[in-house]
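Step one of this worksheet: look at the structure below.
Please read these numbers as outputs of a predicted model, since none were measured by experiment.
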Amino acid sequence: MKTSFPLFAGALLGSLILAACGPQSEKADKVQVAPATEATMPADASGAVPAWSASNDGIGPINGATAFDAATVTALLPGSEIKTAYLHEEGGETPIITAYGPQELSLELQGAKGKVSRILAQGGPVVGPKGEKIMDSFKVSGFAATDCVLGADRMSGAALCRRADAPNLALVYGAPGELKGNPGDAPDAAALAEKGFLREFLWQAPIAN
């Protein structure tokens, strides 16, 4: 009789532990974890490949303080192919630096006064402030059509969407067949919701007064 209570208590305790662990494990499996960026990777995760954060400050290691020259960009993007070229636009030629790197990374940089002034991320593991990734549907963006304007020139037929707390960063949403309307107008909400997808990230340095 003296051993029956401890045995029963042990069995009961084991059952309670299993019952407590089961739902927690299931719940933990369902937790949505944001992609790691270069700023949040643990120090011991050198073998992992981080995503690059696109924010109001810049994209990945490149920002408005970065010198606009190929040597600097090469040092910041090891393993990438760096080239200088000219973008032919109406009214002249604009010097650019292009970078093609691991995981289909594709960047185009422009400069002003010796510093990077514009970054266009068209491919690779780039993640927006709320976890947005290239090719994501507009439906999951959290934007309203009124947060966006139709672009001009190279951005013609696409919607540039910005948040109030990140005015330097535009998330560029395209659509098959292009979005209709005049540059500067809000895009058609139904067309954007039905067909819009994240085409690229566009960071631009604020214009100095």
Side-chain angles (χ1 to χ4, degrees), residues 28-85 87 96-111 115-143 147-148 151 154-155 157-163 165-176 192 195-205:
D29 291 341
K30 297 177 182 178
V31 172
Q32 297 296 315
V33 180
T37 68
E38 72 285 345
T40 61
M41 288 293 289
D44 60 353
S46 58
V49 179
W52 278 20
S53 59
S55 71
N56 195 57
D57 298 323
I59 296 180
I62 303 174
N63 54 50
T66 303
F68 182 67
D69 65 70
T72 298
V73 176
T74 298
L76 290 172
L77 306 178
S80 297
E81 180 183 12
I82 310 300
K83 293 183 178 181
T84 58
L87 181 65
I96 61 173
I97 297 173
T98 60
Y100 300 100
Q103 293 190 289
E104 301 182 350
L105 179 68
S106 176
L107 301 178
E108 178 188 296
L109 313 178
Q110 294 183 25
K115 303 294 184 182
V116 171
S117 62
R118 178 182 170 106
I119 310 168
L120 187 63
Q122 299 175 307
V126 182
V127 177
K130 295 186 180 296
E132 303 94 342
K133 300 182 296 296
I134 292 174
M135 297 307 295
D136 274 357
S137 168
F138 180 81
K139 295 178 182 179
V140 302
S141 69
F143 284 113
D147 297 321
C148 312
R154 293 179 69 192
M155 300 297 169
L160 281 67
C161 304
R162 293 180 172 87
R163 296 188 174 93
D165 60 351
N168 301 337
L169 179 69
L171 280 68
V172 182
Y173 287 88
L192 195 56
K195 301 186 294 183
F197 65 93
L198 183 54
R199 195 175 81 180
E200 51 210 356
F201 293 94
L202 174 63
W203 178 86
Q204 293 171 289

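With sequence neighbours excluded, the residues that form a side-chain contact (heavy atoms from CB on, under 4.5 Å) with Ala70 are Ile82, Thr84. Applying the side-chain hydrogen bond (donor to acceptor under 3.5 Å, both in side chains) test to Glu200 and every residue at least two apart in sequence or in another chain returns Gln122. Checked against ring-ring contact (aromatic ring centres under 6.0 Å, His included), Phe138 has the following partners two or more places apart in sequence or in another chain: Tyr173. Listed by chain and number, the residues in a side-chain contact (heavy atoms from CB on, under 4.5 Å) with Pro176 are Lys195, Phe197 (sequence neighbours excluded). Residues satisfying the side-chain hydrogen bond (donor to acceptor under 3.5 Å, both in side chains) test with Arg118, not counting sequence neighbours, are none. Partners of Pro129 by side-chain contact (heavy atoms from CB on, under 4.5 Å), not counting sequence neighbours, listed by chain and number: Glu132, Leu169. Residues passing the side-chain hydrogen bond (donor to acceptor under 3.5 Å, both in side chains) test with Gln204 are Arg162, sequence neighbours excluded.
In this structure, SG in Cys161 is found 5.5 Å from CZ in Phe143, a value given to the nearest 0.5 Å. Distance check: Ile119 CD1 to Ile59 CD1 gives 5.0 Å after rounding to the nearest 0.5 Å. For the atom pair CD of Glu108 and CD1 of Ile96, the computed distance is 4.0 Å after rounding to the nearest 0.5 Å. Interatomic distance, CG of Leu107 versus CG of Leu77, reported as 6.5 Å (0.5 Å rounding). To the nearest 0.5 Å, atoms CG (Leu198) and OG (Ser137) are separated by 10.0 Å. Between the OG atom in Ser141 and the CG atom in Leu171 there is a gap of 8.0 Å [rounded to 0.5 Å].
Of all non-hydrogen atoms in Ala51 and Val127, the two that sit nearest each other are CB-CG2, 3.3 Å. For the pair Gly123 and Ile134, the tightest heavy-atom approach, listed with the atom from each and the gap, is N-CD1, 3.5 Å. Between Pro102 and Ser80, the shortest heavy-atom contact is CD-OG, 3.8 Å. Tyr100 and Ser106 make their closest contact through CE2-OG, 3.5 Å (heavy atoms, listed as atom of the first residue, atom of the second, distance). Of all the heavy atoms in Arg154 and Arg199, the pair that sits closest is O-NH2, 3.8 Å.
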So Leu202 and Leu160, side-chain contact (heavy atoms from CB on, under 4.5 Å) or not? Walk me through it.
CA-CA 9 Å; Leu202 174 63; Leu160 281 67; 4.1 Å; yes

Would you tabulate the side-chain donor-acceptor contacts of residues 61-68 under 3.5 Å, counting partners in other chains and residues two or more places apart, or write 'none'?
unit_1: Asn63; atom_1: OD1; unit_2: Ala65; atom_2: N; d: 2.8
unit_1: Thr66; atom_1: OG1; unit_2: Asn63; atom_2: N; d: 3.0
unit_1: Thr66; atom_1: OG1; unit_2: Asn63; atom_2: O; d: 3.2

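Taking the side chain as every heavy atom from C-beta outward, Thr72 and Val116 never approach each other to under 4.5 Å. No side-chain heavy atom of Asp147 sits under 4.5 Å from any side-chain heavy atom of Arg163.
Remark: side-chain polar atoms of Trp203 are paired, donor with acceptor, to backbone N or O of Asn56 under 3.5 angstrom.
Within the structure, salt bridge (Lys or Arg N to Asp or Glu O under 4.0 Å) pairs that include any residue of residues 56-82 comprise Glu81-Lys83 (at least two apart or interchain).
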